[in-house]
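Scroll down for the structure; my scribbles are underneath it.
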Amino acid sequence: MPNHSAKMQKKEEPQNQDWDDLRFFTAVAEEGSVGAAARRFAVDHSTILRRLARLEEQLEVRLFDRFQSGYQLTKEGEELRELMLPLAEQIDAVQRHMAGRNAELSGPIRLTTTDTLLHGLLAPLLVRFRILHPGIQLEVVVNNGFLNLTRREADLALRPATHVPDLLVGRRVGTLRTAPYASRAYIERARQQGIDPRDWAQLDWVAPGDSLAHLKQARWLHDHVPPERQVFVIDTLLGMLTAVRSGMGAGMLLQLLANGLEDLVPLAAPDSALDTPVWLLTHADLRQVQRVRVLSAFLYEELSAHPALRPAG
């Protein structure tokens with residue numbers, strides 16, 4: 001085996017690298033691109049980039065030069081690849097073993113979440129999870145409360161919550177942010193009526209209904225908007241988004257839903273007082289169920305790095 005620099009050996013030995021980081025490094029080295037490596041492992045492009053950045057940070061070296069034509073190994077990257085060569089056969093065996101183990105994961109998982117999170121976050125992630133674990137059947141229960149999880153009628157929950165009920169365990173994956181938006185058509189109509197869009201008390205507002213009265217958006221409207229200006233009340237956040245996009249009035253909308261929609265204009269920056277944590281939760285008794293644990297770990301990694309959620313911090 002060739003002599004490698006003491007610097008690489010010294011940095012690599014204490015790090016106890018995550019095998020996935022090294023697998024992703026090897027794939028990019030072999031394929032020459034992040035996209036091809038992502039397709040090989042059926043993961044998102046950003047996951048590969050994040051893992052490479054972590055590996056480079058831990059080793060304190062740059063492993064690739066990034067060119068428009070693809071990724072090329074640096075001297076240190078070539079050195080790491082050579083160090084990995086004697087382990088290639090073992091790594092391939094581990095991958096084959098884990099692939100067989102993953103394929104054996106089977107059975108149903110009931111996941112409860114809100115329609116908002118399903119629409120804005122979960123759907124594409126669940127598709128990727130099914131590709132990785134085709135033996136698992138997913139059942140999604142759209143529910144805005146914790147009742148069905150605490151009664152063990154679901155295995156896993158993803159939901160916004162300020163407080164987590166007793167008996168549930170889990171991790172915070174990020175924060176939902178809220179800001180006032182209006183459609184371009186409504187703003188133009190208001191200006192034609194002599195209304196300054198910055199004078200919120202003169203605008204028409206879309207308000208959350210009674211079933212959403214517990215939300216911070218509802219309290220904000222109660223404190224800042226006269227009742228007569230709350231002209232349209234609806235009982236879902238997706239419904240609020242639709243009404244605002246249709247030109248009914250302004251509305252306090254989740255950035256998760258509203259950002260990037262060309263027909264909407266933010267009237268102000270997000271209000272930190274309206275921030276809501278998002279939790280991935282299960283019942284304590286279900287933490288050792290393998291298929292539940294695997295889905296939980298997958299969702300945590302994907303969601304905690306998702307650009308639509310503010311990091312948990």
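Here the closest non-hydrogen pair linking R50 and A305 is NH1-CB, 3.3 Å. Residues L117 and P160 share a closest heavy-atom pair of CD1-CD, 3.5 Å. When all heavy atoms of R177 and D271 are compared, the closest pair comes out as NH2-C, 4.2 Å. Taking both residues in full, the closest heavy atoms of T282 and D155 are given as OG1-O, 2.6 Å, listed atom of the first, atom of the second, then distance.
Between F129 and H133, the ring-plane angle classifies as tilted under the 30° and 60° cut-offs. Taking the six-membered ring for Trp and thresholds of 30 and 60 degrees, W200 and W205 have ring planes more than 60 degrees apart, a perpendicular arrangement.
Taken to the nearest 0.5 Å, the CD1 atom of I234 stands 7.0 Å off from the OG1 atom of T242.
Sparse packing is recorded around CD of E57, with 12 or fewer heavy atoms of other residues, nucleotides or ligands lying under 6.0 Å away. Within a 6.0 Å sphere centred on CZ of R66, heavy atoms belonging to other residues, nucleotides or ligands number more than 12. A 6.0 Å sphere centred on CG of D223 holds more than 12 heavy atoms belonging to other residues, nucleotides or ligands.
Within the cation-pi definition used here (under 6.0 Å to the ring centroid, within 45° of the axis), R51 does not qualify as a partner of F24.
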Go through the steps to decide whether L73 and E79 satisfy the test side chain to side chain contact (heavy atoms under 4.5 Å, CB included), and finish with yes or no.
CA-CA 9 Å; L73 288 166; E79 192 174 323; over 6 Å; no

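With salt bridges taken as basic N to acidic carboxylate O contacts below 4.0 Å, none links R62 and E56. Contact check on R128 versus E302 returns a salt bridge, with a Lys/Arg side-chain nitrogen under 4.0 Å from an Asp/Glu carboxylate oxygen. R245 and D263 are joined by a salt bridge, as a carboxylate oxygen and a charged side-chain nitrogen come within less than 4.0 angstrom of each other.
Taking the side chain as every heavy atom from C-beta outward, V142 and L118 approach each other to under 4.5 Å.
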